[in-house]
Amino acid sequence: MEFREINPSPRLLMCPGPTDADPRVLRAMSAPILGQFDPEFTSLMNETMEMERRVFQTKNEQTYVVNSTSRGGLETILTAAICPGDKVLIPAFGRFGYLLNEILARSGADITIIEREWGTVFEPEEIEAELKKGGYKAVAIIHGETSTSMMQPLEEIGKICKQYDAMLIVDTVATLGGVDIRVDEWGIDACIGGTQKCISAPSGTALITYNKRIEEIIAKRKRVEKGIRVDSDVDGNLPPIPSNYLDLAQLQDYWSPRRLNHHTEATSAQYGVHEALRIILQEGLEARFARHILNDKALCAGLEAMGLKIFGDRKHKAPVVTAFHIPEGITGPALRSDILNHFGIELATSFGPLDGKVIRVGNMGYSSQKRNVLLTLGALEAVLLSHKVKVPSGDAVAAALAVYKDAEK
Ligand SMILES: *Cc1c(COP(=O)(O)O)cnc(C)c1O
């Protein structure tokens, strides 16, 4: 048996995560390891917190990183902010909405799910009608529902949550770093982002932020573990957080001046996040959001020029992901394997009711570039033509180029 050197084939990740990591991020990650309490490293942690606040557009002191994928970030926040028996509303409009339910059901929350057909989003009135019934501690919702390509407007929902005194907990895993997200202005109490989507660092870390209201809850649930606890550590009067690894109360103490020795920080991953955030702020949030919008416009123009039908409510489509109906004459697996094997481009299918029905194209972070959009459209056209799907030759790339040309004016 031969054990091969890791030397991956060149790929262009145009799926909705993981995306291509910026080469600067990969370089930063190969730097030598520092100890997790080395002042040089803890000052990097503090810089990361400050950069993260700017990306989340928040003043929340508690803004830091969890060593787990985005799903772990969701679990960390949800299992800490929601106590067993708490009433939570989950407006679900795709696969990731159901993930919030999976996580919360296991931590004993009293959940009400309201559902929407895939390819649509909620009207604020639908949320209000449910909150009016009373007793809700929180609303947990997805911002960019990657499974359907829909993006839920949050501003009104934030106001309604405030009115009914329910916390608003939002999954911005797919959108953070690609789309305008205003945690403070929109009244979001806790927000979770991932690194392998628009942040364009490898998977394995989650970005989180939460406000004083959640800090107060976790203070009452805090149990510092035996062996590191000190006399001043008093147990709170609410049920303890059910996870040790994802214990938000202890993680907070690790990211605070106390530097509680909870776990060994994933130093290399932190280097990557630090550089990814630096890149985002160097580009500037406004410029970055505009870049995603322009590339999305060009991508959609190209797909439509090919005669492909874009899935879902166009008004609420996220600029960072697009789903199109698989045309007759080709199957999803054939399309994806041909575009991967011949062109090195990765596209994605979807889940549940959309599995085998749509192909999803990501437009995220470092992958969101003019040349990538053009390459993807050209390759897609060639694959469809090779399967005898009738598409007009050359129109897709030309339509996308026209969008770019128009934007230069
Ligand atoms: C990708 C994604 C997740 C899960 O992220 P992992 O890093 O795979 O755990 C959660 N929510 C949304 C909206 C996503 O797009």
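Both ligands and their constituent atoms are indexed starting at 1 by order of listing.
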Task: K197 to F96, cation-pi by 6.0 Å centre distance and 45° axis angle - done: yes
TODO: Cation-pi check, R95 to F351: give yes when NZ or CZ is under 6.0 Å from the six-membered ring centre and within 45° of the ring axis, no otherwise.
DONE: yes
Task: Results of salt bridge (Lys or Arg N to Asp or Glu O under 4.0 Å) for E102 - residues two or more places apart only - done: R106
Task: Donor on one side chain, acceptor on other, E225 and N244, under 3.5 Å - done: yes
- [ ] Write down, by chain and number, every protein residue that brings a non-hydrogen atom to less than 4.0 Å from an atom of ligand 1.
- [x] T69, S70, R71, F96, I142, G144, T146, D171, V173, A174, Q196, K197
Open item on the list: Which label fits H263 and Y245: parallel for a plane angle under 30°, tilted from 30 to 60°, or perpendicular past 60°?
Closed with: perpendicular
Open item on the list: Any salt bridge linking R259 with D253? Criterion: basic side-chain nitrogen under 4.0 Å from a carboxylate oxygen.
Closed with: no
